[in-house]
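Input: a single structure, listed below in structure tokens.
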Amino acid sequence: MLRMSTLFLRTLRDDPADAEVPSHRLLVRAGYIRRAAPGGFSWLPLGWIVFRNVERIIREEMDAAGFQEVHFPALLPKEPYEASGRWVDYGDNMFRLHDRHGAEMLLAPTHEEMFTLLVKSLYGSYKDLPLCIYQIQTKYRDEARPRAGLLRGREFVMKDSYSFDVDDAGLQRSYDRHREAYIRTFERLGLPVVIVSAMSGAMGGAASEEFLTPLDVGEDTYVRCTSCDFAANTEAVAVPVPDSVPLDGLPDAVVHDTPNTPTIQTLVDHLDERGVPRHGGGSWTAADTLKNVVVKLRHPDGTVEPLAIGVPGDREVDLKRLEAQVSPAEVSPFEEADFARYPTLVKGYIGPGALGSAGTSGIRFLLDPRIVEGTRWVTGANEEGRHVVDLTMGRDFTGDGMIEAAEVLGGDPCPNCGAELEIARGIEMGHIFQLGRIYAEALDLKVQDEAGKQVTVTMGSYGIGVSRAVAALAETNHDELGLIWPREVAPADVHLVIAGKEGGPQRPAAERLATEMEAAGLRVLFDDREGVSPGVRFKDAELIGVPTIVVCGRGIDDGVVELKDRRSGEREDVPIGDVVARLTTTA
RNA sequence: CGGGGUGUAGCGCAGCUUGGUUAGCGCGCCUGCUUUGGGAGCAGGAGGCCGGGAGUUCGAAUCUCCCCACCCCGACCA
């Protein structure tokens, strides 16, 4: 039994000034967590109970799926991460430190390398596989901008599993087992999730799906189809490629003087004002233009390469999509100094003539998939104040390849069924990923197959954010008064409140009831504080968010207490002798 | 990484422009009395390296510089 008279808890009347999102605000106000470090939180007793409940559910579901729990250090030497390439690839997001001898170490962001090496050190035969092992562990990522409390910290707890199989079919089975286990886990946690595909189909076979909880404060943008069940991270949406158009009989490209038209809008307005004829008639739109964006790619080895991307002018280049495509390279803007190095690029009037391996600048030029052979575009003529009209793909220019970097807009066609897509926001709660043989190859994890031949093991990695799940639960389960926990993760089943004069019959009755409820297996949070006014007790009960509130108050003379459902707000007087039966049957 | 905002008691804030006794208010906390079904009343208290450092000054919460932390927005649009 948790007695509030001695519980290490202080609720706050005011919202903490540094908390913006509801989960952060309420978890701090209700005395569940406290900020302790940039992006790091301390857990108070109530918070730790909830945390352990979430952790327990995840652990039970992993165990039920037949996965085995292990535990690694968070503090690791750099060598395994050097071998995999992640010591370089992870960049600034990895916490690095030195020991007293000057050896470089890290605080692990995830543990693929360590799991791989552990399996390598123990297993050598196909008979040992398949294997799925997991841990629940504190992870570290030096986020550029920790925010939203527990939702995105620099230290957080994550369940990460890894599967090891001899062949692709085995990997698919391990992946499917995780997928099923995750669906059950989120169901039990009471967290709504949508499963979105997370890797571009064009990027190859490696399957990867994210479990997103739809939340406006989430940091991931995804799309879902308004008609079929397609859902995908925006990074992973592949644009349907239109049919190409025969080149015969298309008009020649013509260069026009277009003074003072450095932006798409000014260009479109100018063409209309000057009455430049548009193929198919009608007035010019941004979608008729080809926007050529130049950026710099910084590769992990430090080399920098310019890259030009051609997208329809009614769309921006989506930085996240672009980075997903060019990963692990990082993208940065093309600056004045860069333009100075490429005199053939005329800012505001860049056209395909200057781009690509055949262009005057030689800069690599990748095109949006919509730009297919036979499509005609208005685009820069590589001269100040001049654009070219009806520049035709496949005849007048080509790119060095395709890239999925244009933004995805609501109303875009679904790649699955063609209906309209809509944009939504969510937060990543889980991620399942067929890694394949990347890590096994880098760290040389092989087993003997039936023929006695050495084969490289194929792996999957699977994560669930444990501390993030607590925040997401708070985010999806609250009202203006406070938190409302789903029963299985709640810090208690019943919040018992004494509301009556000190020295009256309420306290002894409540004491008896508390003991009785506890004996019946109910977890009781008992507000037995003295000298606290009823208003405070009610406010605290609502803030803390235990699913059922029992008030032992003025009805006591009639032998009844009030049962209140925190979520619905419904109240009901129940004879004190029936309370336990009521709560144990409905719970 | 860029821009903006904010750091003063456990929490929320005022004071800073125009430097000057002992730094203030509300909540919370302690003591006493009253009160007890919606964040109670009265009286009396405790609690501060004014984010840190360096400077200017006879004197700094207040002015200058540097650093740190937190919050928000942005990140290419040629």
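Below, chains carry the letters A, B, ... as their sequence lines are ordered, and counting in each starts from 1.
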Query raised in the report: A:S533 or A:A499: which one's nearest nucleotide on RNA chain B is closer to the 5' end?
Result: A:A499
Report task. Using heavy atoms to find the nearest nucleotide of RNA chain B for A:G500 and A:R154 separately, return the residue whose nucleotide is more 5′. Result -> A:G500
Distance check, [atom1] atoms only: [N] and [M], in whole angstrom units.
N: B:G44; M: B:G26; atom1: P; result: 12 Å
N: B:A46; M: B:G4; atom1: P; result: 43 Å
N: B:G47; M: B:U31; atom1: P; result: 16 Å
N: B:C50; M: B:C13; atom1: C1'; result: 14 Å
N: B:U22; M: B:C27; atom1: C1'; result: 24 Å
N: B:G45; M: B:U36; atom1: P; result: 28 Å
N: B:A9; M: B:U18; atom1: P; result: 25 Å
N: B:U64; M: B:A14; atom1: C1'; result: 25 Å

Give the nucleotide from the list [options] with an atom nearest to the side chain of [X].
X: A:R571; options: B:C71, B:G38, B:C13; result: B:G38
X: A:R35; options: B:G12, B:G38, B:A69; result: B:A69
X: A:P534; options: B:G37, B:G12, B:C76; result: B:G37
X: A:D18; options: B:A40, B:C70, B:G12; result: B:C70
X: A:R34; options: B:C11, B:A69, B:G37; result: B:C11

Could you please name the partner base of [N], counting Watson-Crick and G-U wobble pairs only when both distances are under 3.5 Å?
N: B:C1; result: B:G74
N: B:U56; result: none
N: B:G44; result: B:C30
N: B:U21; result: none
N: B:U35; result: none
N: B:U62; result: none

Report summary line: Sequence neighbours excluded, the answer for salt bridge (Lys or Arg N to Asp or Glu O under 4.0 Å) partners of A:D288 is A:R278
Requested in this report: Can you sort out the partners of A:R376 under salt bridge (Lys or Arg N to Asp or Glu O under 4.0 Å), two or more places apart, ordered by chain and number?
Outcome: none
Base, sugar-phosphate, or nothing: which does [X] touch, judged by heavy atoms less than 4.0 Å apart?
X: A:D318; value: nothing
X: A:K296; value: nothing
X: A:V551; value: base

Query raised in the report: Considering only heavy atoms from C-beta outward, does the side chain of A:V388 approach that of A:V378 to under 4.5 Å?
Result: no
Query - Residue pairs, two or more places apart or on separate chains, that pass salt bridge (Lys or Arg N to Asp or Glu O under 4.0 Å) and touch residues 256-265 of chain A - result: A:D257-A:R386
Report task. Keeping to residues at least two apart or across chains, list the salt bridge (Lys or Arg N to Asp or Glu O under 4.0 Å) pairs with something in residues 23-39 of chain A. Result -> A:D15-A:R25, A:D15-A:R29
Find the distance [X]:[atom1] to [N]:[atom2] and express it as a whole number of Å.
X: A:L12; N: B:A9; atom1: CG; atom2: P; answer: 15 Å
X: A:D558; N: B:G37; atom1: CG; atom2: P; answer: 15 Å
X: A:L345; N: B:C76; atom1: CG; atom2: P; answer: 18 Å
X: A:I498; N: B:U36; atom1: CD1; atom2: C1'; answer: 12 Å
X: A:Y32; N: B:C11; atom1: OH; atom2: P; answer: 20 Å
X: A:K564; N: B:G37; atom1: NZ; atom2: C1'; answer: 11 Å
X: A:I309; N: B:C76; atom1: CD1; atom2: C1'; answer: 8 Å
X: A:E502; N: B:U34; atom1: CD; atom2: P; answer: 13 Å

What are the atom names and distances for every N/O pair under 3.5 Å that joins the protein to nucleotides 25-30 of chain B?
unit_1, atom_1, unit_2, atom_2, d
B:C27, O3', A:R13, NH2, 3.2
B:C27, O2', A:R13, NE, 3.0
B:G28, OP1, A:R13, NH2, 3.4

Side chains of residues 552-564 of chain A: which donor-acceptor partners sit under 3.5 Å, not counting sequence neighbours?
unit_1, atom_1, unit_2, atom_2, d
A:K564, NZ, A:E542, OE2, 2.8

Query raised in the report: Do A:H24 and A:F41 pass the ring pair (Phe, Tyr, Trp, His ring centres under 6.0 Å) test, and can you show the C-alpha distance, the side-chain angles, and the key distance before you say yes or no?
Result: CA-CA 11 Å; A:H24 187 193; A:F41 288 84; 5.5 Å; yes
Query raised in the report: Which atoms form the tightest heavy-atom contact between A:L513 and A:V550, and what is the distance?
Result: CD2-CG1, 4.0 Å
Report task. Sugar-phosphate means primed atoms, P, OP1 and OP2; the rest is base. With that split, encode nucleotides 44-52 of chain B 5' to 3' as B, S or - using protein heavy atoms under 4.0 Å. Result -> ---------
Identify, with sequence neighbours excluded, every residue that meets side-chain hydrogen bond (donor to acceptor under 3.5 Å, both in side chains) alongside [X].
X: A:Y349; value: none
X: A:D565; value: A:S568
X: A:K501; value: none
X: A:E104; value: A:K78

Query raised in the report: Does A:W485 have A:R567 sitting over its ring (NZ/CZ under 6.0 Å from centre, angle to axis within 45°)?
Result: no
**Report entry** Mutual orientation of the aromatic rings belonging to A:F365 and A:F397 [parallel < 30°, tilted 30-60°, perpendicular > 60°]
**Finding:** tilted
Report summary line: Note: contacts of residues 536-545 of chain A with RNA chain B (heavy atom, under 4.0 Å) are A:V536, A:F538, A:K539, A:D540, A:E542
